[in-house]
Protein chains: 2
Amino acid sequence: MVATKSLPAESSPTETSGVRGRRRSFDMDEAVETAMRLFHARGYDAVGVAELGAELGIKPPSFYAAFGSKAGLFERALRRYAGGEANIFARAQADGGGVAEVIGRTLRLAARLYPERNGVAGCLVLDGARNSADPEARALTAALRTASVSALRDFIAGEEPERAGALAEFVMIAMMGMSAAARDGADETALTAFAEMAGRAFRRELAAEG
Amino acid sequence: MVATKSLPAESSPTETSGVRGRRRSFDMDEAVETAMRLFHARGYDAVGVAELGAELGIKPPSFYAAFGSKAGLFERALRRYAGGEANIFARAQADGGGVAEVIGRTLRLAARLYPERNGVAGCLVLDGARNSADPEARALTAALRTASVSALRDFIAGEEPERAGALAEFVMIAMMGMSAAARDGADETALTAFAEMAGRAFRRELAAEG
DNA sequence: GAGAAAATATAGTGGTCGCTACAAAATCGC
DNA sequence: GCGATTTTGTAGCGACCACTATATTTTCTC
């Protein structure tokens with residue numbers, strides 16, 4: 001499908017998604033999706049540029065023209081990840097309800113989403129750059145984690161402004177544990193059991209007088 | 001988090017403590033300690049053999065004569081880690097008490113031990129080989145995690161045999177979350193707040209009728 | 001001391017890392 | 001068409017990876 005050979009017609013895979021830019025021999029969205037899957041499955045450092053290029057069907061110069069660097073592609077992958085259905089908290093919020101309800105839903109959704117599926121497990125933001133030797137990759141995920149915990153805190157503060165910080169961190173650390181456990185092989189049953197306990201704990205802490 | 005019993009015994013049991021080993025130009029215990037610190041601080045893959053050799057003051061041939069391989073040294077480091085004061089659950093058990101008390105102590109001890117200190121944070125067993133490309137390193141930590149959760153389950157089963165598995169996994173996943181959070185910069189205050197909530201949750205789950 | 005054995009240092013193995021210089025090829029505006 | 005721009009493939013950069021062949025030095029036994 002990398003047929004860059006002539007023929008003026010339009011059947012060749014040109015730019016997708018209406019984004020204006022230079023014509024490319026590959027589909028950008030698809031490439032980012034593929035990279036996201038690889039980074040998610042094995043972590044940032046364990047996926048090399050050579051493998052990415054081979055999987056995406058492009059050679060190094062095209063790779064660097066399109067993404068700037070390996071970290072540049074990782075950033076795009078993270079952006080797509082955070083903007084898609086992996087944004088668990090946003091999905092849980094969309095269904096409405098109070099703080100306890102939304103947080104409980106968030107935890108249970110993670111338990112359903114994190115277990116291994118097609119070689120991918122856990123959360124890309126929480127574990128994708130863990131132990132990476134590249135400070136840039138670590139900073140990219142760290143920024144998203146900071147944003148996540150802030151969103152959690154702001155949401156919880158709507159009902160419990162006093163202890164919103166601690167409660168948000170409770171949720172965040174619980175999610176980190178679920179992501180790590182999933183990457184170590186935990187299945188949905190085990191994660192759901194944890195999510196239920198963590199959800200009950202959160203509800204009780206929320207209800208408790210501070 | 002760490003196992004009470006663990007990796008299969010080694011061929012020459014007393015070789016590690018300078019007593020009977022062949023004379024070397026370096027101190028074996030000190031070398032393993034240094035390697036443990038490096039692996040703990042940055043993860044297995046991010047620490048190279050060249051750096052280990054330089055830090056230990058030995059050249060590659062001596063390195064391989066002493067440890068066999070990088071993974072061999074990692075195994076020794078893990079063994080020392082699990083056998084020392086990082087064995088949180090063993091320490092919490094040593095002070096006696098019922099299940100709820102010991103588990104609460106375990107969680108609070110982790111909150112005190114996991115935050116960054118001298119560049120080291122979290123748990124070596126839980127996160128030392130996370131995202132490693134080396135299956136051998138991953139297997140070594142995985143074996144210790146399995147032993148840890150088994151030890152937790154057996155202990156909890158003394159009071160609550162029915163739900164010991166789920167409760168042990170709750171503790172394990174909570175510890176994983178705390179380790180990950182610590183490696184991402186969480187301080188003792190934040191981790192302690194989580195540990196208290198998790199401890200209360202555990203006590204309530206234990207007391208609840210199954 | 002002499003000879004054997006062990007631990008050492010020098011140097012280098014092939015491989016992979018992220019990344020790039022260069023020039024041919026495809027595509028653009030006109 | 002033509003020239004200019006852009007994207008591509010070929011090839012390779014220096015640095016690092018875990019690891020080792022070989023030779024020398026050290027340390028042992030006697």
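The model shown is predicted, which means the values in this text are computed figures rather than measured ones.
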With respect to the side chain of [X], which nucleotide from [options] is positioned closest?
X       : options                : value
B:Ser69 : D:dT8, C:dT8, D:dC19   : D:dC19
A:Ala50 : D:dA21, D:dT8, C:dC17  : C:dC17
B:Val49 : D:dA18, C:dC19, C:dT10 : D:dA18
B:Lys59 : D:dT8, D:dC19, C:dT10  : C:dT10
B:Pro61 : D:dC19, D:dT8, C:dA9   : C:dA9
B:Pro60 : C:dA11, C:dA9, C:dG18  : C:dA11

Write down the distance between [atom1] ([X]) and [atom2] ([N]), rounded to a whole number of angstrom.
X        : N      : atom1 : atom2 : result
B:Phe67  : D:dC19 : CZ    : P     : 13 Å
A:Phe63  : D:dG12 : CZ    : P     : 22 Å
A:Phe26  : C:dA26 : CZ    : P     : 18 Å
A:Glu51  : C:dC19 : CD    : P     : 16 Å
A:Ile58  : C:dC19 : CD1   : P     : 13 Å
B:Asp134 : C:dT16 : CG    : P     : 15 Å
A:Lys70  : C:dC19 : NZ    : C1'   : 12 Å
A:Leu56  : D:dT8  : CG    : C1'   : 15 Å

Are OP1 or OP2 of C:dT20 and a side-chain N or O of A:Tyr64 less than 4.0 angstrom apart?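 The answer is no; no side-chain N or O of A:Tyr64 sits under 4.0 Å from OP1 or OP2.
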Under 4.0 Å between a side-chain N/O of B:Ser62 and OP1 or OP2 of C:dT8, yes or no?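 Indeed, a polar side-chain atom of B:Ser62 lies that close.
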Which of these passes salt bridge (Lys or Arg N to Asp or Glu O under 4.0 Å) with B:Arg80: B:Glu75, B:Glu85, B:Glu33? B:Glu33
Distance-only, no hydrogens or angles: does the B:Arg42 side chain make a donor-acceptor pair with backbone N or O of B:Gly119 under 3.5 Å?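 Looks like no, no N/O pair under 3.5 Å.
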Establish, yes or no, whether the cationic atom of B:Lys70 lies under 6.0 Å from the six-membered ring centre of B:Phe39 and within 45° of the ring axis.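 Judged by the rule (NZ or CZ under 6.0 Å from the ring centre, within 45° of its axis), B:Lys70 is not positioned above B:Phe39.
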Quick check on B:Asn118: does its CG atom have over 12 non-hydrogen neighbours (other residues, nucleotides or ligands) under 6.0 Å away?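 Atom CG in B:Asn118 is not packed in, count stays at 12 or less.
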Per-pair distances, 0.1 Å, donor-acceptor, side chain in residues 173-184 of chain B, under 3.5 Å, sequence neighbours excluded:
from, atom 1, to, atom 2, distance (Å)
B:Ser179, OG, B:Cys123, N, 2.8
B:Ser179, OG, B:Asp127, OD2, 2.6
B:Arg183, NH1, B:His40, O, 2.9
B:Arg183, NH1, B:Ala121, O, 2.9
B:Arg183, NH2, A:Asn131, OD1, 2.8
B:Arg183, NH2, B:His40, O, 3.3
B:Asp184, OD1, A:Arg130, NH1, 3.0
B:Asp184, OD1, A:Arg145, NH2, 3.3
B:Asp184, OD2, A:Arg130, NH2, 3.1
B:Asp184, OD2, A:Arg145, NE, 3.2

